[in-house]
Participant: 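Dropping a structure here in structure tokens format, bear with me for questions.
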Number of protein chains: 2
Amino acid sequence: MAEADPPGYELPLLLFAGFRSLIDELHRELAAHGHTEVRPVHGFALQAIGPYGASASEIGRRLGVSKQAAGKTVDRLAALGYVERADDPTDARRKLIRLTPRGLDVLTRSAEIFDRLRATWVDRLGAAQVNQLETSLRTVVPPTTFPVDVPGWFG
Amino acid sequence: MAEADPPGYELPLLLFAGFRSLIDELHRELAAHGHTEVRPVHGFALQAIGPYGASASEIGRRLGVSKQAAGKTVDRLAALGYVERADDPTDARRKLIRLTPRGLDVLTRSAEIFDRLRATWVDRLGAAQVNQLETSLRTVVPPTTFPVDVPGWFG
DNA sequence: CGGTTTCGACAACCACGTTGACCAGTTTAC
DNA sequence: GTAAACTGGTCAACGTGGTTGTCGAAACCG
């Protein structure tokens with residue numbers, strides 16, 4: 001006979017709880033390495049800036065928010081010492097946002113931490129299950145909302 | 001040799017994209033049924049209120065936010081017509097927050113929509129895969145952060 | 001009874017998003 | 001080459017969802 005399917009609302013809850021547990025753990029670890037002020041939103045922004053820098057408008061487009069919102073986030077990241085603004089010699093309007101060493105540090109550390117976190121999932125589920133989980137998700141998530149285009153939808 | 005594991009950051013991104021795609025679709029459908037103003041946060045709050053009602057402080061505790069924040073959310077939900085405040089005859093301090101028919105409607109509709117959404121995942125992945133995905137997640141998410149205790153972490 | 005706790009509300013504040021407006025600088029079209 | 005159109009960054013006003021602190025009224029408990 002048919003297996004008793006759980007109610008549909010459990011799926012989003014589980015996805016969210018899984019995501020959240022990873023993000024919470026990430027920020028616990030980051031805080032333990034001196035990055036106590038950085039918040040999930042900042043991580044997405046730093047990722048959007050990337051190693052080569054970007055303009056505020058570009059960041060906004062990558063994140064799916066207005067350039068004004070991106071500008072505010074850059075203000076905040078600059079105040080925290082994660083990025084710095086530099087004039088663009090080829091375009092006097094543009095300000096190039098670049099990661100500081102501290103900003104780069106949070107990015108590389110995040111990558112390490114995520115790798116370690118994934119490894120703990122492999123420990124508990126096995127590599128096959130984790131790969132399966134990833135391929136399953138990859139086939140159902142609409143590619144347009146991936147990889148960035150993240151914030152703003154919650155509030 | 002070892003299979004090439006994806007970088008660790010892909011896992012949270014996939015989880016989030018999966019969650020987000022479901023929530024986005026939910027709110028598209030709700031909007032199509034007249035619930036155009038309700039936001040994801042409100043859904044969690046309505047769920048926390050439940051069919052028997054709750055006080056604002058209780059809602060705050062269930063959601064993991066302050067009673068003041070819960071009170072503001074209740075204000076908004078009341079303005080949108082999803083809940084109403086009633087005096088508690090057994091405790092003159094308390095105000096009982098109850099779902100209006102409209103509030104109940106959004107909840108029952110959400111349940112239907114989530115069921116339908118899960119069914120589309122089953123169509124694309126097969127029942128076994130979806131069940132597998134759910135059991136995998138169930139084993140790795142810390143039970144303390146489940147099922148509620150949701151908002152406030154992002155901002 | 002009196003001390004402590006709890007509920008709901010008010011105020012001030014913060015983080016992060018939105019629009020609209022504006023200037024300065026760059027591109028494009030004629 | 002100049003005028004028009006577009007683009008980048010910033011300022012202002014506002015909305016929403018959080019926070020803490022304070023407070024009076026009601027309930028609980030010794």
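Quick note on labels: first sequence line is chain A, next is B, and so on, each numbered from 1. Scope of the values below: all heavy atoms of this structure, side chains included, with no hydrogens, waters or symmetry mates.
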Participant: Test of understanding: with salt bridge (Lys or Arg N to Asp or Glu O under 4.0 Å), list the residues that count as partners of B/Arg109, not counting sequence neighbours.
Facilitator: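 Once residues adjacent in sequence are excluded, the partners of B/Arg109 under the salt bridge (Lys or Arg N to Asp or Glu O under 4.0 Å) criterion are B/Asp105.
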
Participant: What pairs with A/Thr108 under side-chain hydrogen bond (donor to acceptor under 3.5 Å, both in side chains), at least two apart in sequence or on another chain?
Facilitator: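 Residues passing side-chain hydrogen bond (donor to acceptor under 3.5 Å, both in side chains) with A/Thr108: none at all.
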
Participant: Nearest of D/dG17, D/dG18, C/dG8 to any side-chain atom of B/Arg76?
Facilitator: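 My answer, after comparing the listed nucleotides, is D/dG17.
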
Participant: Could you check how far CZ of A/Arg39 sits from C1' of D/dG17, rounded to whole Å?
Facilitator: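 Checked: the CZ to C1' distance equals 12 Å.
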
Participant: Reading nucleotides 20-29 of chain C from the 5' end, what letters show protein touch, with B for base, S for backbone sugar-phosphate only, - for no heavy atom under 4.0 Å?
Facilitator: BB--BBS---

Participant: Identify which nucleotide among C/dG8, D/dG9, D/dT10 has an atom closest to any side-chain atom of B/Arg94, counting heavy atoms from C-beta outward.
Facilitator: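 Shortest atom-to-atom distance from the side chain points to C/dG8.
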
Participant: Among all residues two or more places apart in sequence or in another chain, which pass the salt bridge (Lys or Arg N to Asp or Glu O under 4.0 Å) test with A/Asp91?
Facilitator: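 For A/Asp91 the salt bridge (Lys or Arg N to Asp or Glu O under 4.0 Å) partners, ignoring immediate neighbours, are A/Arg93.
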
Participant: With respect to the side chain of A/Val41, which nucleotide from D/dT20, C/dG8, C/dG17 is positioned closest?
Facilitator: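 Closest of the options to the side chain of A/Val41: C/dG17.
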
Participant: For B/Arg76, what residues pass the salt bridge (Lys or Arg N to Asp or Glu O under 4.0 Å) criterion, not counting sequence neighbours?
Facilitator: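 Result, salt bridge (Lys or Arg N to Asp or Glu O under 4.0 Å) vs B/Arg76: none returned.
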
Participant: Report the residues that fulfil ring pair (Phe, Tyr, Trp, His ring centres under 6.0 Å) with B/His35, sequence neighbours left out, ordered by chain and then residue number.
Facilitator: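 Counting only residues at least two positions away or on another chain, B/His35 forms a ring pair (Phe, Tyr, Trp, His ring centres under 6.0 Å) with B/Tyr82.
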
Participant: Reading DNA chain C from 5' onward, which residue's closest nucleotide shows up sooner: A/His42 or B/Glu58?
Facilitator: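 Closer to the 5' end of DNA chain C: B/Glu58.
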
Participant: Using the side-chain heavy atoms of A/Lys95, tell me which of these nucleotides is nearest: C/dG8, C/dT19, D/dT10.
Facilitator: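 Nearest nucleotide to the side chain: D/dT10.
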
